[in-house]
Amino acid sequence: MNSSRVRFFFWFASAAFIIIIIRVLYLQYFDEELSRRSELNRVRTNIVEPSRGRIFDRKGILLIDNQYAYNFYVIPEQFLKNRKSMDFVFENLNIEKDTLLAELNSPEVHKDRFFRLMRDIDFSIYSSVMEKGKELRGIYIKKEWTRKFEINSAPHLLGYLGEAKNPEELSEDISYGDLVGKKGIEYIYDRILRGEKGFTQEIKDVKGNKVSDYKKEEWKNAVKGKDLYLSIDLDLQRHIEDLFEKKSGSVIVQNCRNGEILAMISKPDYPVDLFNKKLSKEEWKKWSEDPSEPLYNKAIMGLYPPGSVIKMATIMAATDQNIKTPGDKVNCPGGMQIGNRFIRCWNRDGGHGLVDMLSAIYMSCDTYFYDIAIRINLDKWKSSLERLGFGEKTGIDLRYERGGLVPDIQYYKKRITGDLDGRSANLMIGQGELLVTPLQIANYTSTIANGGIRHTPHLLHKYGEEGSFTYYDSTCADTLQLNQRILSVIKKGMYHVVNTPGGTAFRSKSYLIEFAGKTGTAQNPHGDDHAWFTSFGPFDNPEITVTVFEEFGQHGSGAGLIAKDIFEYWYNSKNKKAPAEEGLKNP
């Protein structure tokens with residue numbers, strides 16, 4: 001009996017042992033999932049960030065470069081188990097405890113990989129980490145690329161980088177916490193500038209410390225991002241920034257032949273390297289709540305009534321509907337009776353007398369346009385303005401552009417009752433509910449200057465390396481079927497605005513370069529009126545348009561003087577530095 005029990009237990013134990021051995025062999029050699037998980041537990045992948053592509057102006061002047069900086073990293077699985085390390089971060093990095101713990105424990109963060117807490121740390125933090133050494137387990141300092149701004153100019157155009165944390169920012173190539181473009185050129189051309197990540201791998205022990213390299217033959221080198229060349233002329237940009245230093249508003253200089261933006265400013269603005277480090281809550285509040293809105297790109301985001309700079313579009317819309325011909329005249333006694341109201345012209349003391357299309361432009365007679373208002377179809381007027389680019393985004397390669405507003409009959413039916421003639425009168429002279437951006441006015445002026453070709457405004461000129469550049473395709477333009485006879489009258493009217501006594505910007509006449517323009521005043525219920533001036537030149541063979549929008553500038557004639565300065569600076573620079581533009585034309 002005892003012998004049979006012994007044999008039973010022997011065979012039972014032997015069978016169990018064999019089963020365990022078979023299971024161990026299976027798990028070790030045949031269970032691929034377990035092998036993969038085991039490897040993940042002992043192998044750490046370290047991402048190697050590429051250096052980002054540099055950014056140049058059209059002449060090859062370096063705007064943004066890269067330089068090394070020390071970045072502060074943690075490996076969460078080590079860091080979260082070390083009280084000294086956590087206390088060091090909370091005391092020295094000014095990071096809220098609850099916020100950090102929630103982020104490090106989120107599913108997006110790899111617990112066994114390096115996670116960046118701060119970019120470009122101060123030397124005091126660096127030296128403290130080096131001094132304390134192994135006490136601060138899970139804390140690491142890495143020497144990596146960061147942006148180096150060679151100029152303090154054009155912050156709204158260049159943009160800045162930030163950490164990818166929103167779900168829509170993450171992809172196969174972009175992980176949680178990666179630096180990506182957040183605004184400006186850095187955002188729009190992020191994929192070109194970013195390059196490709198590399199990686200290394202290492203064996204780690206149970207404490208997470210490196211033991212040795214792993215599969216070094218499979219490591220991948222990072223690939224540098226491609227360089228970008230913008231259409232911006234840095235010298236011109238800086239000159240205009242100096243002119244506009246103490247003003248508020250926007251200035252745009254555009255090549256009217258291909259849509260390139262040569263200069264674009266929005267004032268007030270902010271230091272170009274402001275976002276090179278993570279801002280504290282106090283710093284962010286200071287900048288974001290500033291009533292002068294320095295973070296706001298007024299050139300593409302600001303919506304304003306266009307004032308009289310819309311009058312050329314009004315004339316084109318009126319001729320589209322066969323309401324006006326160049327020879328038709330309207331008597332201006334200082335205004336016009338519309339319904340039960342006498343709506344005044346800006347020249348209310350005596351008016352302008354008999355006014356035709358040409359004189360209506362250069363004297364900016366409101367009454368001429370009131371006469372259009374009482375006969376025009378608003379829906380067709382809206383279609384004419386949309387064809388010129390109003391009421392929709394221009395498509396410029398910048399983020400957060402706004403499309404403005406061109407109201408139609410349905411718009412008013414939802415909001416008011418009664419006759420629309422008074423509303424139409426306001427719209428025809430660029431007041432009321434009509435809203436535009438300075439860039440829309442600039443691009444529309446370029447369309448007038450070049451005879452009816454509507455280009456997409458753009459800041460990119462080319463990208464890549466010498467010998468293998470890819471150029472911006474400026475052939476995708478929309479050729480509008482504009483009445484060339486009317487367009488000729490409009491251009492002559494704009495010429496007289498600047499070059500003929502009685503023109504509203506005659507003070508801006510230049511004896512160096514002939515240019516044409518149009519003044520405008522936008523009513524502002526919150527203070528002094530805003531000033532507009534939009535223009536093109538040289539008159540006989542237009543190359544550039546200059547659009548000036550000055551908040552609280554009161555009248556467009558003052559903005560015209562700024563445009564005059566810009567035209568003369570451009571003319572002098574072009575004649576002195578023309579060779580610098582060689583090689584920048586599309587092949």
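Nothing fancy with the numbering, it's 1 onward along the sequence.
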Residues in salt bridge (charged side-chain N to carboxylate O under 4.0 Å, His left out) contact with [X], at least two apart in sequence or another chain:
X      : answer
Lys247 : Glu550
Lys165 : Glu103, Glu163
Glu293 : none

ask   = Which distance, rounded to the nearest 0.5 Å, do you find between the CG of Leu158 and the CG of Leu161?
value =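 Nearest 0.5 Å value for the CG-CG distance: 11.0 Å.
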message = If I take atom CG from residue Asp269 and atom OG from residue Ser292, how far apart are they, to the nearest 0.5 angstrom?
response =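 Here the interatomic distance stands at 9.5 Å.
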So, [X] side chain and [Y] main chain: donor-acceptor pair closer than 3.5 Å or not?
X      : Y      : value
Ser231 : His458 : yes
Asp408 : Lys382 : no
Asn255 : Gly259 : no
Thr319 : Met316 : yes
Gln337 : Arg341 : yes
Gln237 : Met264 : yes
His156 : Pro294 : yes
Asn152 : Val272 : yes
Arg399 : Lys182 : yes
Asn297 : Leu157 : no

task = Please step through side chain to side chain contact (heavy atoms under 4.5 Å, CB included) for the pair Phe533 and Leu561, ending with a clear verdict.
result = CA-CA 9 Å; Phe533 186 78; Leu561 293 172; over 6 Å; no
Is there a donor in the side chain of [X] and an acceptor in the side chain of [Y], or the other way round, less than 3.5 Å apart?
X      : Y      : result
His239 : Asp565 : yes
Gln254 : Ser446 : yes
His555 : Ser557 : yes
Glu514 : Tyr495 : yes
Thr445 : Thr545 : no

request  = If a pair satisfies ring pair (Phe, Tyr, Trp, His ring centres under 6.0 Å) and one of its residues is in residues 368-425, list it, with sequence neighbours excluded.
outcome  =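 Sorted pair list: Phe390-Tyr444.
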For residues 185-193, run the donor-acceptor check on the side chains, cut-off 3.5 Å, and write out each pair with its distance to 0.1 Å, sequence neighbours left out.
unit_1, atom_1, unit_2, atom_2, d
Glu186, OE1, Arg52, NE, 2.8
Glu186, OE1, Arg52, NH2, 3.1
Glu186, OE1, Arg147, NH2, 3.4
Glu186, OE2, Arg147, NE, 2.9
Glu186, OE2, Arg147, NH2, 3.4
Tyr189, OH, Asp397, OD2, 2.6
Asp190, OD1, Arg52, NH1, 3.1
Asp190, OD1, Arg52, NH2, 2.8
Asp190, OD1, Gly181, N, 2.9
Asp190, OD2, Arg194, NE, 3.0
Asp190, OD2, Arg194, NH2, 2.7

Which heavy atom in [X] sits nearest to a heavy atom in [Y], and how many Å separate them?
X      : Y      : result
Ala299 : Ser250 : CB-OG, 3.2 Å
Gly560 : Ser508 : C-OG, 3.0 Å
Thr367 : Asn331 : CG2-O, 3.8 Å

So do the side chains of [X] and [Y] get within less than 4.5 Å of each other, counting heavy atoms only?
X      : Y      : value
Thr314 : Ile372 : yes
Lys564 : Phe515 : yes
Lys329 : Ser359 : no
Lys267 : Glu551 : no

ask   = Is the number of heavy atoms from other residues, nucleotides or ligands within 6.0 Å of NZ (Lys492) greater than 12?
value =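 12 or below, so no.
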message = Is there a salt bridge (Lys or Arg N to Asp or Glu O under 4.0 Å) between Lys574 and Glu543? Walk through the geometry before answering.
response = CA-CA 11 Å; Lys574 180 173 182 285; Glu543 293 184 48; 3.6 Å; yes
query = Within 45° of the ring axis of Tyr511 and under 6.0 Å from its six-membered ring centre, is that where the NZ or CZ of Lys509 lies?
reply =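 The answer is yes, since Lys509 meets both limits relative to Tyr511.
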Acceptor/donor pairs from residues 480-487 side chains to any protein atom, 3.5 angstrom cut, sequence neighbours excluded:
unit_1, atom_1, unit_2, atom_2, d
Asn483, OD1, Arg485, N, 3.0
Asn483, OD1, Ile486, N, 3.1
Gln484, NE2, Gly451, O, 3.1
Gln484, NE2, Leu482, O, 3.4

ask   = Can you check side chain to side chain donor-acceptor pair (under 3.5 Å) on Glu401 and Thr437, steps first, answer last?
value = CA-CA 9 Å; Glu401 182 184 13; Thr437 66; 5.1 Å; no
Derivation of the salt bridge (Lys or Arg N to Asp or Glu O under 4.0 Å) call for Lys286 and Asp290 = CA-CA 6 Å; Lys286 169 193 168 185; Asp290 188 325; over 6 Å; no
inquiry  = Under the salt bridge (Lys or Arg N to Asp or Glu O under 4.0 Å) test against Glu392, which residue among Arg454, Arg387, Arg402 passes?
reply    =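 Result for salt bridge (Lys or Arg N to Asp or Glu O under 4.0 Å) with Glu392: Arg454.
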Verdict with supporting geometry, Lys311 and Asp366, salt bridge (Lys or Arg N to Asp or Glu O under 4.0 Å) = CA-CA 9 Å; Lys311 287 178 176 175; Asp366 293 335; 2.7 Å; yes
request  = Any chance you could lay out the side chain to side chain contact (heavy atoms under 4.5 Å, CB included) test for His461 and Tyr471, step after step, and finish with the verdict?
outcome  = CA-CA 6 Å; His461 177 64; Tyr471 288 79; 3.8 Å; yes
message = Between Lys518 and Ser308, is the side chain to side chain contact (heavy atoms under 4.5 Å, CB included) condition met? List the steps.
response = CA-CA 7 Å; Lys518 183 71 189 77; Ser308 293; 3.5 Å; yes
inquiry  = Please tell me whether Phe506 and His496 form a close aromatic pair, meaning their ring centres lie under 6.0 Å apart.
reply    =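 Phe506 vs His496: aromatic centres not under 6.0 Å.
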query = Under the side chain to side chain contact (heavy atoms under 4.5 Å, CB included) criterion, do Leu274 and Tyr160 qualify, and how do the steps go?
reply = CA-CA 9 Å; Leu274 177 66; Tyr160 53 84; over 6 Å; no
